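Report on the following structure.
Since we're looking at a predicted model, the values are computed, not measured. Start at 1 with the first residue, then count along the sequence.
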Amino acid sequence: MVKRTLEQLKPYAAPGHYEMTAMRIAGKEETGNNKFWMGMSLFLPGGGADWGYEDSPTEKVYYVLEGELTIYTKQDRSEKLVMKAGEAISILPFEGREMKNEQNTVCKILVVVDYPA
């Protein structure tokens with residue numbers, strides 16, 4: 001059993017993300033979890049992630065703790081989901097997306113991602 005506190009978390013650079021701070025809560029290196037990792041992401045107003053991840057073999061769950069996050073599900077931005085506090089989205093392997101905090105408050109999300117087999 002491994003306990004982690006907010007003070008122990010260290011920010012890391014998430015590829016393709018901007019105006020966002022990511023911190024790993026649990027994973028292979030942090031806690032010995034081998035099937036998934038969990039992190040917390042803080043998106044500043046206007047922050048987000050560019051279109052991508054359509055080649056990612058991992059499953060992901062995003063749970064909004066605070067604020068709102070807009071997720072575009074098509075590269076032409078014609079389809080979007082607005083995620084609010086208390087809502088979750090599951091993203092299957094190879095599903096591309098773009099994310100953006102279009103509000104003037106910080107958006108805090110919990111992220112769970114499986115490790116590729």
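At distances below 3.5 Å, not a single donor-acceptor pair connects side-chain atoms of Asn33 with backbone N or O atoms of Ala26. A donor-acceptor distance shorter than 3.5 angstrom exists from the side chain of Lys60 to the backbone of Thr58, with no hydrogens or angles considered. Between the side chain of Tyr62 and the backbone N or O of Met83 there is no donor-acceptor pair closer than 3.5 Å. Checked by atom type and distance alone, the side chain of Arg4 never pairs as donor or acceptor with a backbone atom of Val2 at under 3.5 Å.
Contact of the Ile25 side chain with the Leu9 side chain is registered, since non-hydrogen atoms from C-beta on lie closer than 4.5 Å. Side-chain contact between Asn34 and Lys28: present, with at least one pair of heavy atoms (C-beta onward) separated by less than 4.5 Å. A 4.5 Å side-chain heavy-atom check between Glu59 and Pro93 finds at least one atom pair inside the cut-off. Put simply, the side chain of Met40 reaches to within 4.5 Å of the side chain of Leu6, judged on heavy atoms. Contact annotation: the side chain of Phe94 never approaches that of Ser56 to less than 4.5 Å [non-hydrogen atoms, C-beta and beyond].
Ring-plane geometry between Trp37 and Tyr12 is classed as perpendicular, the angle between the planes exceeding 60 degrees on a 0 to 90 degree scale with a lower cut at 30.
For the pair Lys74 and Trp51, the tightest heavy-atom approach, listed with the atom from each and the gap, is C-CZ3, 3.5 Å. Across every non-hydrogen atom of Tyr63 and Ala88, the tightest pair is CD1-CB, 3.8 Å.
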Please lay out, stage by stage, how Arg77 and Glu102 fare under the test salt bridge (charged side-chain N to carboxylate O under 4.0 Å, His left out).
CA-CA 14 Å; Arg77 297 177 65 125; Glu102 297 178 338; 3.7 Å; yes
